[in-house]
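First comes the structure, then the notes that go with it.
Chain naming here is simple, since letters A, B, ... match the order of the sequence lines and numbering starts at 1 in each.
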Amino acid sequence: MNRSIKIYNTVSKEKEEFKPIVEGRVGMYVCGPTVYSDVHLGNCRSFISFDIIYRYLKYVGFKVRYVRNITDVGHLEGDADSGAEDKISKKARLEQLEPMEVAQKYANGFHDMMRTFNVLPPSIEPRATGHIPEQVNMVKKILDNGYAYEADGSVYFDTLKFAKETGLYGKLSGRVLDDLVAESRDNLKKQDQKRHPSDFAIWIKADDSHIMKWDSPWSLGFPGWHLECSAMSTKYLGDRFDIHGGGADLTFPHHENEIAQNFGACKSTPANYWLHGNMLLMNGRKMAKSDGNTITPEQLFTGDSPHVSKGYSPMVVRFFMLQSHYRSTLDLSDTALQAAEKGYQRLMEAYKNLTKLDEAKAPTPTDVDTKVNQTLDQAFNEMDDDFNTPKALARLFEVVPVINSLANGTISASEITADTLKRLKVVLSDFIFHIFGLKDETSGNDNTQTAVLEDVLELVLEIRQNARTNKDWTTSDLIRDKLTAAGVLVKDGKDGASWSIKNN
RNA sequence: GGUCGCGUGGCCGAGUGGUUAGGCAGAGGUCUGCAAAACCUUGUACAGCGGUUCGAAUCCGCUCGCGACCUCCA
C-alpha cells in the first residue's frame, strides 16, 4: 500500500488525505437498511457506492473491517396518531406476523438484492435487536457522563449541554443550535418531557400496544432512533475508527446524533472521515411513492413500469451508477439507462476481445505502450481522488479503441510489448470485476453449457463461412438472420466471423 | 421560513482559472457480397446579468430555475 488516497470529509467539507488510525488497516461503518419494507433503489445506489469504496480500499492493500448494520428495531413512526410506535411492530400487526419474521423477510430480500447487484457482504453485519444490552449500556454511560436525563421512563440526550461544552453538535451538518430550536416542530411527541426541543430520545418507554420491547433500568421499552449505530460501531470498531458512511439524508439528524451519543458515552467523536453518498433522482425529482415518481429494482429489471421502455439488467444499472460520482445526485431516466447499456456492452465486448489477444511482438516500448500505461496509471489516480469512478471509467474507455484495434489488426502486434499487453489484461480485469464489481452477464453461468454453446456456434459459423465462400448468400444470410433473431450477434471480421450474445 | 447543494453540448455525466473528459445519439470515411460489428475523423457547451483577472464555463455578487435536508428515509 503506497498510494495516497484523498477522501472528501463531510466534517471539514474538503478533501483530505486518508490516514488510517492503524497503519494498513481500515475500520469502516456504513448505516445499513431498516428492514420494514423492500429495499428502495436509492438504498441500492448508496450501498453500491460504498461497495466500490470497500473494494478499492481492499484492492490497494488495506485490511478492511467493514461493518454494515441491519436495523430491525427502534425507529419511531413520526406521523403515527397512536403515538410512539416501532415501525417493525406496526407492520407486524398489519400482516399478522411476528416482528422478527417481518424483519427476517425484508432482510432476506435485502441480501438477495445486494447479491443481484454484486455488492460484497460486509465483514460484520450486526442487527440492532442482537445488541440491546450494548445499547442499554451505552445509555447508562451517557447518563453517567451527564449528557442525558431520564423523564418518566424515557431517557433523552441533552443536546444543549453537549453543544455548550464541546461545540460539536451541528458541526457535521452545518447547523447551529439556535436554528435547531427555531426549526423544531411543536408537534413532536413527548415534547413536554424534553428540556430542549432538539434533545432526542435514546431510550423510549413503550406503551401497551408496543410489541418489541425490552427490560431496562428505566422502563420496559426500546432504544432510541439512532442509538444502534453508535452502540454497534463502538462494539466492533472501537471508540474511534476511520470511516463512517451513509446516505446524505442521514447527515442530520441521524449522524449528528450518533456523534453526540458516541461522545456522550466515550468522550470522543467516533469517526475520522464522514462520507455521504448523494441521492438518486428519477426524471429530475426525488423518488417518492406519493406522486408515482418511483420504481423498484425489480420493475427496473423487468421493465414493468411506465418509467422505462424495457428492462435493464442489474449490471447495466450498476454501470449506470458508476458513471456518476457518489457525491453527486444521479438522475435515472430511460434514455440514460439505454446509453449505459450500450456503454456497458461495449466495455465488456472490449474486455472479451482483450482476453483473446496473445500476440505482442514489440521488442521495446512503443507509443502504444506509453499511451496504454499512462491511461491505466491515470485510472488509478482517479480512484485515489475521492473514488472518482466516472473519471476512472472514462480512462478505461480510452483504452477500448486500442484493444479493438489490436483485435482487428488496425494496430499490429508488433506495436505493443508483451509486458504492456499483460498489464492491460490484468488491470482491466481488476478494474471491471474487482474494483467496479461488474459481472459479465452475457456468458452463461453453467460452464458445460457455455462450452457446448461455443462449440455449436463455431460449427454454425463454419457452415456459414463455407456458404459465403461459395457465394451462397441466401444460406449465409439465413444463418445470420436466424442467429440474430435468437439473440446471437454475428460479427464478420478480417479473420472470419465471431459472435456475441446480445442483451434483449 | 432556515441550512446546504446544483444549473455543462440532442441526452446522461466528469472537470478545471488559459491545454481532449467519457458514454449514448448525429455526420463523414475505412472494411464488407450486402449489412452489422469494429476502426478512423468530426460538429454542437458551460442558466442569465454584472464584477475580479492579461485571461472564467471554472473565483465573487445578484437574478432566475431546480433539488436535498430541517420529519422515518441511502
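- For the pair A/Arg55 and A/Phe436, the cation does not sit on the ring face, since its NZ or CZ is not both under 6.0 Å from the ring centre and inside 45° of the axis.
- In this structure, the NE2 atom of A/His325 is 7 Å from the P atom of B/G15, given to the nearest Å.
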Subject >> Dot-bracket summary - RNA chain B, pairs being Watson-Crick or G-U whose distances fall under 3.5 Å, with | when paired to another strand >> reply: (((((((..(((.....[...))).(((((.......)))))....(((((..]....))))))))))))....
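- A/Leu168 places a side-chain heavy atom less than 4.5 Å from the side chain of A/Phe162.
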Anything under 3.5 Å between a protein N or O and an N or O of nucleotides 24-27 of chain B, put it in a table, one pair a line.
from	atom 1	to	atom 2	distance (Å)
B/A25	OP1	A/Lys342	NZ	2.9

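- Both tests do not hold together for A/Arg68 against A/Phe50: distance to the six-membered ring centre under 6.0 Å, angle to the ring axis within 45°.
- Between B/U3 and A/Ser173, no contact under 4.0 Å exists linking OP1 or OP2 to a side-chain N or O.
- In this structure, A/Asn353 places its CG atom 14 Å from P of B/A37, rounding to the nearest Å.
- If you take CZ of A/Arg45 and C1' of B/C12, they are 13 Å apart, rounded to a whole angstrom.
- A donor and an acceptor atom, one from each side chain of A/Arg464 and A/Thr469, are nowhere located under 3.5 Å apart.
- Between B/G33, B/A74, B/C70, one nucleotide has an atom nearer to the side chain of A/Phe252 than all others, and that is B/C70.
- Of the candidates B/C12, B/C34, B/A38, B/A38 carries the atom nearest the A/Asn404 side chain, counting heavy atoms from C-beta on.
- Comparing atom distances between the A/Arg468 side chain and each of B/A74, B/G33, B/C39 picks out B/G33 as nearest.
- A sub-4.0 Å separation between OP1 or OP2 of B/A38 and a side-chain N or O of A/Asn408 is absent.
- A/Pro401 comes within 4.0 angstrom of sugar-phosphate atoms only, judged by non-hydrogen atoms across all strands, and of no base.
- Between A/Asn388 and B/G15 there is a side-chain N or O to OP1 or OP2 distance below 4.0 Å.
- Electrostatic pairing of A/Glu415 and A/Lys371 does not count as a salt bridge here, judged by no charged N lying under 4.0 Å from a carboxylate O.
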